[in-house]
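Both backbone and side-chain heavy atoms feed into the values below; hydrogens, waters and symmetry mates do not. So that the names make sense, note that chain A is the first sequence line, chain B the second, and so on, each numbered from 1.
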Amino acid sequence: MEDLKALELGAIEEIGAVSTGEELEKLRVRLLGKKGDITSLMKGISKLPPDERPKAGAEFNKVKVSISSAIEKKSAAIKAQELSARLNDEIFDITISGKPYGPGHFHPSCDIMDEFIDIFVGLGFCVEEGPEVETDEYNFQRLNFPDDHPARDMQDTFYLQNGKRLLRTHTSTVQVHTMLKKKPPLAVIAPGRVYRLDSDITHSPVFHQVEGFLIDKNVTFAHLKGTLELFVHRLYGKNTKLRFRPSFFPFTEPSAEMDISCQLCGGKGCRLCKGTGWIEILGAGMIDPNVFKAVGYDPEEWTGFAFGCGIERVAMLKYSIDDIRLLFGNDKRFLSQF
Amino acid sequence: MLVSYLWLKDFCDISASPEEVSDKLTSLGLECSIIDDRRGWYEGVVVGKIIEAAPHPEADKLQVLQVDAGGEIKTIVCGAKNARAGLLVPLFPVGSVTPDGLKIEKRKLRGVLSEGMIPSEVELKLSEDHEGIMTLDDNPTPGDKFAERYEVCDTILEIDLTPNRGDCLSMIGIAREVAQGFGIRLKKPGAKTLGRVDKDIASIIEIELTAPDLSPRYAGRVINDVKIKKSPFWVRRRLQAGGVRPINNIVDITNYVLIETGHPLHAFDLDMLAGAKVIVRRAKDGETFTTLDGKEHKLTPENLVIADTEKAVALAGVMGGQNSEVTSSTENIMLEAAYFNPQSIRKTSKKLNISSESSYRFERGTDIEGLIYAQDRAVSLMESTGEGSVIDSRADSYPERFEKRNINLRVSRITQILGIDVSYDQVVSILKGLEMEPEKLDDDTIAVKAPFFRNDIEREIDLIEEVARCAGYDKVPSYAPETPVSEGSYSHLFHIRRLVRRHLVSIGLTEGMSLSFMGDTEMDKLQVPENSQMRSIARIDNPMSSEWKNMRTTLLPGLISSAKGVADLSIFETCALFFDRGDEAPAESWSVACLLTETIAPDAWSGKAGKRDFYDVKGVVESILDFSGFSGEYDFAPSLHPFYYPKRQADILINSVVIGHMGQVHPITLENYEVDQELFVCELNLDKVAEQAKPLRRHKGISKFPSVRRDLAVVVSETVTSKDILESVEKHAPGGDVTLSAQLFDIFRDEKLGVEKKSVALALEFTDSRKTLTDEDADMLFSSILKGLEKDHGAHLR
Ligand SMILES: [Zn+2]
C-alpha cells in the first residue's frame, strides 16, 4: 500500500510536468496501460489475505480514477493551449475588401425625400399625391394666381395640348385636390415631380418638391414655426437655428421663407452660405383665404399652414453638389457614392 | 431692384450702416444683399485744374499738362485727346491707388517726369465711357477731395423683390420701408418749378381718352426751348447706380424720376405730334408700329397706343416710338404721366415680347394719384438741367376718380392667424408707418384706407401680413400643435413603390433618376411597334430642346442609354409615365424598370468576371413580386416585343393581368443606342401591381416526420419547358397526407442524349404528415411521378 501511495504521488507529479499531447499519451500508457505500472502493482493483491483484498481493490480503483482524471484535465489544458497557440500565431489580412453582397445605392434625392416624409408621417401627416399633368385652374387659379398677374412669372410653365393643360410647377396642386376630396382637419405631406422652364447648373426643368399642409381650427403661424422647428431639429439636429423672413407666395399669406443656420460653418459665414451664416431651405405661410374659398372651406372657421421645399436644393447643399444635372444623369460613378 | 445707399439718404436720415439697412430690409421681406461696396475708394484723389497743356517734345500723341492740385502745381504726362487747359479733372497723385489696384508712382514718360495720373471714367469704374479723361462739372475747387465732393463712394444693395411689391420698385418705396424699420421720418424731395410760363396748356395739347378702362388717367406737361445735352455727373452717377444707361438730359430725368418715385414717365418731342392732340386709344387691327429699339410690331385692339391725330406715337406704358423720340435736335417736350391698367400692359408686353422698365412697373400697379408728383418732380429737374421754360398748367384727363380701398381689420383676427398678442395701439402705429390711414371702428376693429401705391393691400389678411412683417416674424412664438390632426399614413401606391425601391437597393441595384422627357426618335431607336401604347405620346407645346419634346412612355431608353460604355451596371428607376388620350388628360402611371448588363466586374476574390443572363433579370422580377406579397400568384408568358430577342422575352402576369415585360435587349436596339454588350431589362407597371389583390395566406402544418428526398433526372425534348415538367410533377403528386415539393436543379445537354434533347434533373422531397416514409413508400411515389412524366412528355429516365 505504501507503494501505491508513492505511485499516485509520483504519477500526479509527472502528469503535471508533461507539456505535449504525445508525452501525455505515452505517460498514460505507462501508468494505466495493460502492462502499466498500476496493473503490475495490482498483481500484488492476489498475495494478500482474502479478507483484505476487497479493501485493497477499492484503494487501487481510487488511485486509478484519480490518475485518469488528472490525465484528462491535463489533456484538456494542453488542447486549449495548443489551439490558442495555433490561432494566435496565424497571420491574417483583415484589410482585403469584403465579398460583394448588395446593397446598391439609393438616389440621394429619393433618400432625402424619404427622410422628409418619414419625419412628417411621424408627426401625423398623411402622404397624398396628385397628377403631374394639370390644368391652369388647379396649378394657378385655385391657388390664387390671378390671370395676367406678374406672380405667374415666378414659375415658367411647360404647356401641353395647345395650352389646355400644363406640367405642374409645384406640388401645391395637391392642396387643391386633397381639399376638394376631403373635409378638414387635414395634415398632408405631398412629395412629387414638378416642372419649370429653366435649365442651368442649379436649375433643372424637372425637379422634386415636398409640400406639406395642416388645416384645423385655430391653426396659427406659431404652429407653422413649431412644426418646422421640430422637423429641422429631427433632420439636422437640435442645435440648428431657424430664421423666418417675410416673403410672397400667392397661395399663402402671411408668407415666409425659412433659413437654417449653415451646416458647414455653423452660422459664422462661409462660401456655401455666402457669408450670411444662413441657408434658405423652404417657403411657407398661412394658407390664403382665397385658396380656402376656392374649395368651399370657410376661412373664418378653418385656418392652416403650408410649406414647400425643393428636394434637389437640399441634396445639393447636403452633398456639396454644384451641378444639378448630376442628379439626373444616371451616372454610375456619381450614384455609387451614396 | 438696385438701391444706392447714398441716394436713400435723400429721403431719410439713416444712421445705420449699409449692412444694417440690408439686414433690416431682409427682415421686412425685401431680400437684400450688398453687391457693390465702394466705401474707402478714391483715397487721395483730388480735384485738379489743368492750367497749361503743351505738346510732348518727344511724342506726338502725348501732352505735358500743368495741373493745379490745390496750391501745388503738378506735371502730368497725358495721352487723352480731350485734355486741355481750363478743364477740371480728378487727379491720382503719386502714392494713391486706382480701383484696379494700380499704385501711382513718379515715372518718366519719353523723358518727361509725370507726377500722377488723370483717369477716364472707366479707370474710375464710374461708367463705360473711355473717351478720354473724366471732366468734372458743378465747379469744384482744385484740391477738393474727389470722394467727398462727389457721390462716388456708394454702396449698392440689390433687392430680390417679390411680384407683389411694385411699390418698392423705387427709391422712395424702399426708403419708406427703411424709415418704418428704423422708426425714422420719410421726406420727399421738392417738385417746384422756377421759371413759370403762364400759358394755357389747352392751346398746345389736348388729351382724349377713348379707352378709360385701360387708361383711367393721363396727364401731360410741356417744356419749351430745352437744350439736349449730356446730363450732369450726379444724375448720370445715380442712373448708373440704378442700373440704367444715361442717354441725354431729358431721357435721363424721366429715368431718374422713374427710379426715384417708381412712376414711369415718357418724354415726346412735341413738334413730332400732329394736330396738338394726344389720343389714348386701342390699336387698330393690323396697325403697325415701330418702337424705339427699331422693331416693328403688328398690333391688335388688345394693345393700347398713344396717338396724335395721324399716327400712333407710343405703345402705351411699354415703349415709345421712333417717330416721336427725343433727339439732339428736340426743342419742345411733352411729358407724359399716366396710369395704365396692369393686366392690359402685361398682355401687350407678353404678346409682343417687349419688356421695359416702364412695363415692368405698370404691370405691378402704379400710383394713380402719385403720378402728379412724379411728373412735377421731373419737370422741375428738367428745368434745372435742361434750361427750358415750363408751361405752368397741366393737361390732366382723369374722368373717374379712384377711391381708396376700405378694409376692416380685427385685432383679434391677427391673434387668430399669427398666434401672437399685439395691442391695438401697436397695430395702428405700424399702419401709420406704412402710410395707411387707420380709423377706430370699435375696440377690436380698425377701418383702414390703403394708399394707392399699395396695390397689393386688398383684404384683411393683407393687413395682417403687414403687421406680421413689421412686428417681426421672430416675435411670433413657435409651438407644435398639441395633438396630431391625423394618424399619419402612406398611401398604398406610395407604400408599394417604396417597398420595391428598398428591395431593389438591398439586392444590389442602384437607384437612378432622369428627366421625364424624350425626343422624337426614341421610339424608333428602341424599336417600338407602330401600334404600341408606348406610341401614345403627350407632346409639350413649348419644349426646351428637341431631346425634351415629349413625355416619357417608358423608362427603358433612359436606362439603356446609361449603359453605354459602362462595364458593369445594375440600375433601376421609378417614375411616372404619360400616355396621350386625345382631348382627355394624359394617363399617368407609375413604372419601375431595371437594367442589368451582361458583364459583371471581376470580383476581387475569384478574379473571374461573371456573366449575367436572362434568368438574372427574371430573378429580379420574381424577387420584386415575392417581396411585394405576390408569391406564387404571378406567371410569365411568351411575348412579341420587337425590342427584345424574339425568344428571350416574356410578359409578366399577376392573376392573369399583364403587369409588365422583361427580356434581353434586341441587338439592333443595342446598336441604335451604341451599347456593345448584352442587356437584360424589365419594366413593371406599379399601378397595376398595386391594384392586384394579394392572396390571403394560411400557414400549413409542419410535419413531425422526416421527409425523403429522391433525385430524378429525365431526358425530354427541348420543346418541353421547365414549367411543363413541374406542372406534370404536381399533377401526379400523391396527394392525401403526402406533400411533395419539386425543385429543378440542373439542365444538361449532350450529343449522346439525342438531337434536340435535354436532361432535366429534379429534386423531389416527399413528406407524410402521419408517419415516417419508408424507402419502399418513396420508391413507389417516385415511380408514379416518373410514369406521369413519361405519359405527359415522353420523358425517360436518364
Ligand atoms: Zn456657412
Donor-acceptor contact below 3.5 Å, side chain B/D541 vs main chain A/G163 | yes

Whether the side chain of B/E588 engages the backbone of A/V133 through a donor-acceptor N/O pair (distance < 3.5 Å, no angle test) should be reported.
yes

Q. Should B/E487 and A/C126 count as side-chain neighbours, where that means a heavy-atom distance under 4.5 Å?
A. yes

Taking only Lys NZ, Arg NE, NH1 and NH2, and the carboxylate oxygens of Asp or Glu, determine whether B/D583 and A/K164 approach each other closer than 4.0 Å.
yes

Turns out that what part of B/S27 lies under 4.5 Å from chain A's heavy atoms comes down to backbone

Between B/G558 and A/N330 the two heavy atoms that sit nearest each other are O-ND2, 4.1 Å

The interface call for A/L167 against chain B, heavy-atom contacts under 4.5 Å, is side chain

**Asked** Less than 4.5 Å apart, any side-chain heavy atom of B/I420 and any of A/F221?
**Response** no

| task | Please check if the side chain of B/S486 supplies one atom and the backbone of A/G124 the other of a donor-acceptor pair under 3.5 Å. | result | yes

Taking every heavy atom of B/G512 against every heavy atom of A/H107, the minimum-distance pair comes out as C-CD2, 4.0 Å

Compare all side-chain heavy atoms of B/F494 with those of A/E129 and state whether any distance is below 4.5 angstrom. yes

Non-hydrogen side-chain atoms of B/N164 and A/E253 separated by less than 4.5 Å: no

Here the pair of heavy atoms bringing B/P481 nearest to A/T227 is CD-OG1, 3.3 Å

Paired with A/F158, the ring-ring contact (aromatic ring centres under 6.0 Å, His included) test is passed by just one of B/F578, B/W548, B/F517, namely B/F517

Subject >> Lys/Arg N to Asp/Glu carboxylate O, B/R410 vs A/E300, below 4.0 Å >> reply: yes

(Q) Using only atom types and a distance under 3.5 Å, with no angle test, would you say the side chain of A/K332 pairs donor to acceptor with the backbone of B/T510? (A) no

- prompt: Do A/F244 and B/S478 come close enough that some side-chain heavy atom pair is under 4.5 Å?
  reply: no

- Query: Side chain of B/E511, backbone of A/C110: donor and acceptor closer than 3.5 Å?
  - Reply: no

Problem - A/H223 and B/Y479 aromatic ring geometry - parallel, tilted or perpendicular at 30°/60° bounds - result: perpendicular

What one should report as the nearest heavy-atom pair of A/I215 and B/V485 is O-CG1, 4.4 Å

So, the part of A/S199 with a heavy atom under 4.5 Å from chain B: the answer is both

Exercise. Counting only N and O atoms by type, is there a donor-acceptor contact under 3.5 Å from the side chain of A/Q161 to the main-chain atoms of B/E584?
Worked result: yes

When the 4.5 angstrom heavy-atom criterion is applied to A/R165 and chain B, the contacting part is side chain

Exercise. Any chance you could lay out the side-chain contact (heavy atoms from CB on, under 4.5 Å) test for A/D153 and B/E363, step after step, and finish with the verdict?
Key: CA-CA 12 Å; A/D153 292 346; B/E363 67 179 65; 3.9 Å; yes

Correct closest heavy-atom pair for A/M286 and B/I417 would be CE-O, 3.7 Å

If one checks every heavy atom of A/V219 against chain B at 4.5 Å, the contacting part turns out to be backbone

Min side-chain heavy-atom separation A/E132-B/M551 under 4.5 Å
no

